[in-house]
2 protein chains.
Amino acid sequence: MSPRTQAARTEATTGQLLTAARELFGRDGYTATSIDAVAAAAGLTKGAAYHHFTTKGALFRAVFVGEQDRVAAELTRTTAEQTDPFAALRRGCRTFLELCLDPAFRQIALLDGPAVLGWQEVRSIQSERALRLLADGMLVAAAAAGEPDADVSARSHLAFGALCEAGMLLARADDPDTALLAVLTEAERLVDALARP
Amino acid sequence: MSPRTQAARTEATTGQLLTAARELFGRDGYTATSIDAVAAAAGLTKGAAYHHFTTKGALFRAVFVGEQDRVAAELTRTTAEQTDPFAALRRGCRTFLELCLDPAFRQIALLDGPAVLGWQEVRSIQSERALRLLADGMLVAAAAAGEPDADVSARSHLAFGALCEAGMLLARADDPDTALLAVLTEAERLVDALARP
DNA sequence: ACCTTTGCATACTCCGAGTATGTCCTGTCA
DNA sequence: TGACAGGACATACTCGGAGTATGCAAAGGT
C-alpha cells in the first residue's frame, strides 16, 4: 500500500492533507480548524503538514486554488457547447450557482478566501480562472451586441461580485432547487443587462 | 478629566475601545489584531475590554455595526434631496463607493466582516440598514418604471454584492478619484439596469 | 554498502484568547 | 456620613494552537 518512490509519497500525503483540509475548512471555517485536526483527519501529524506547507495560510491557499480550478473546469465544460454568447453567459451563471449550493465551497471560496488570503491575492488567483472566463464571455457578448472593444474589466468584476452574493443567498434556502431557480433568473437578468452595452 | 458617574465612565471607555479597535482592525485586520493591542491603544488593559465585550468577536461586531450605521446615515443624508428615484440610486452608489475609498472601511466591512461574523449575521445587520435603503430605493424605482410590486429582495442583494466588489476595486488604484469615476459609471449602469424591470 | 537527502514524527517554544481574582470607585440607604 | 453592595478596571493566571527544533527511518545516488 505505501508507495515506494518519494514523489509518489509526497503526492499521496499532500493529497490526503488537501482532502482533509478542504473537508474541515469547508465545514468549520478557517480559524476554527487547527493544523493538528487536519493532519489527524489525514492520518498524519502536524510535522507532515508543515513539511509540505510552510504555514496554515499556505495550506488554505492550496485548497482555495483547488476550488478555483474546479470552478474554471466546470465553467469551460458546461459552456463549451453554447454557441450564442449570451446563452453561454447564462449557462455560466447556472454552473457557478450550482457549485455554490455546496456549503463547503461557499465557506472556502466566498467567506474565508478573501479574509485569509487578502483581496489582491484572491483576485490574482481568479484572474487566471473564472474571472478570465467571465471577462472573455462578456467581451464576446459585447462584440455580438455591436461594441467590439468595450472595457469589460470592471464590468466583469461587478458581475462576479453579484454572482458571489447570489451564491451566498442560496445558503438559507430550505429547498435548494427552487432557491436556485429564483436567484438564477435574477442573476441571468443582471448579467444579460451588463453584457449588452 | 475622569468622569464622575458610572454611565459616563462606561461610555467613555467603550468609546475609546471602539475607536482604537476600529483603527487597528481597519489597519491590520481582525486576526492580526490582539485584544491587548486594542486595549493598550485605548490606554487600558485587557480586563477593561473583556468587562465591556464578552469576546473579541463581540468587540469586532460593535465596530462593524458602527460602520454600517455610518453607511446608512451617509446614504440617507446624501439621497434625501434626490427626487428622481433613479438619480437617488445613482447617488447612493456614489456615496457607498466614496466610503469604500477608506482602506479601513474596506477591511472591516467587506473583508473581515463576513468571515468573522458569518454571512447570516452580516446580512441581518445590513438588512436593517444599507440593504433596506437599497431595497426601498429599488422598489420605488420599479414602481416609477411601471412595475409597482416587483420582488426587489434578491435584486437588491445582487446589486449590493456588485457594489461591494466595486468598492474593493478601488483598493489598488493609484489615483482614487479617477478610479472612483471609472468604477462609478459601471456601477451606475448596473444598478440602473437592475432597477428597471 | 556507505552517505546524503527527503518524509515524517515527537517534543518543544511562544503568543494570544479567555478566566479568576483582587482592588478601587460609585451610588445607595441607614 | 458612613458602611455596604455592585460595577469598573487591573493583575495574574490557564490553555490551546501556530510555528520551530530535533530526531529517525526510508529513498536514492555513488
Side-chain angles (χ1 to χ4, degrees), chain A residues 1-64 108 112 115-118, chain B residues 1-64 108 112 115-118:
Chain A
M1 188 58 204
S2 56
R4 283 288 98 112
T5 170
Q6 298 274 62
R9 275 179 81 184
T10 53
E11 188 179 340
T13 49
T14 54
Q16 296 186 18
L17 283 170
L18 287 174
T19 302
R22 136 97 201 188
E23 165 88 15
L24 295 185
F25 284 151
R27 202 188 50 193
D28 304 332
Y30 177 78
T31 42
T33 303
S34 71
I35 293 278
D36 285 291
V38 171
L44 300 163
T45 68
K46 192 158 54 162
Y50 275 101
H51 183 71
H52 294 287
F53 300 95
T54 62
T55 178
K56 185 185 178 186
L59 175 58
F60 178 83
R61 188 187 191 281
V63 172
F64 182 84
I108 294 168
D112 281 334
V116 172
L117 303 175
Chain B
M1 189 54 206
S2 57
R4 283 289 98 111
T5 170
Q6 298 272 65
R9 272 180 85 183
T10 54
E11 188 180 340
T13 49
T14 55
Q16 296 186 17
L17 283 170
L18 287 174
T19 303
R22 136 97 201 187
E23 165 89 14
L24 295 185
F25 283 150
R27 201 189 50 192
D28 304 332
Y30 178 77
T31 44
T33 302
S34 72
I35 293 278
D36 284 291
V38 171
L44 299 163
T45 69
K46 194 161 47 165
Y50 277 101
H51 183 72
H52 294 286
F53 300 95
T54 63
T55 179
K56 185 185 178 187
L59 174 59
F60 178 82
R61 188 187 191 283
V63 173
F64 181 84
I108 293 168
D112 282 333
V116 172
L117 303 175

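Hydrogens, waters and symmetry mates are skipped; everything else that's a heavy atom, side chains included, is used. Below, read A as the first sequence line, B as the second, and so on, with proteins coming before strands; counting in each chain starts at 1.
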So which heavy atom on [X] is nearest to which on [Y], and how close?
| X | Y | answer |
| --- | --- | --- |
| A:Ala49 | A:Ile35 | CB-CG2, 3.9 Å |
| B:Thr10 | B:Thr13 | O-OG1, 3.0 Å |
| B:Leu17 | B:Ala39 | CD2-CA, 4.1 Å |

### salt bridge (Lys or Arg N to Asp or Glu O under 4.0 Å) partners for B:Lys56, two or more places apart
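B:Lys56 satisfies salt bridge (Lys or Arg N to Asp or Glu O under 4.0 Å) with no residue once adjacent residues are dropped.
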### Residues which pass salt bridge (Lys or Arg N to Asp or Glu O under 4.0 Å) with B:Arg22, listed by chain and number, not counting sequence neighbours
B:Glu67, B:Asp102
### Task
Starting at the 5' end of nucleotides 6-22 of chain C, put B wherever the base has a protein heavy atom under 4.0 Å, S where only the sugar-phosphate does, and a dash everywhere else.
SBBBB-----SBBB---
### Query
Partners of B:Ala40 by side chain to side chain contact (heavy atoms under 4.5 Å, CB included), sequence neighbours excluded?
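With sequence neighbours excluded, B:Ala40 shows a side chain to side chain contact (heavy atoms under 4.5 Å, CB included) to no residue whatsoever.
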### Task
Return each pair, listed once, that meets side chain to side chain donor-acceptor pair (under 3.5 Å) where at least one residue sits in residues 27-46 of chain B; pairs must be two or more places apart or across chains.
none
## Note on the structure
Note: contacts of residues 15-22 of chain B with DNA chain C (heavy atom, under 4.0 Å) are none
### Query
In Å and rounded to the nearest 0.5 Å, what is the CZ to CG distance from A:Phe64 to A:Asp112?
10.0 Å
### Query
For B:Glu11 and D:dG7, what is the distance between atoms CD and P respectively, to the nearest whole Å?
18 Å
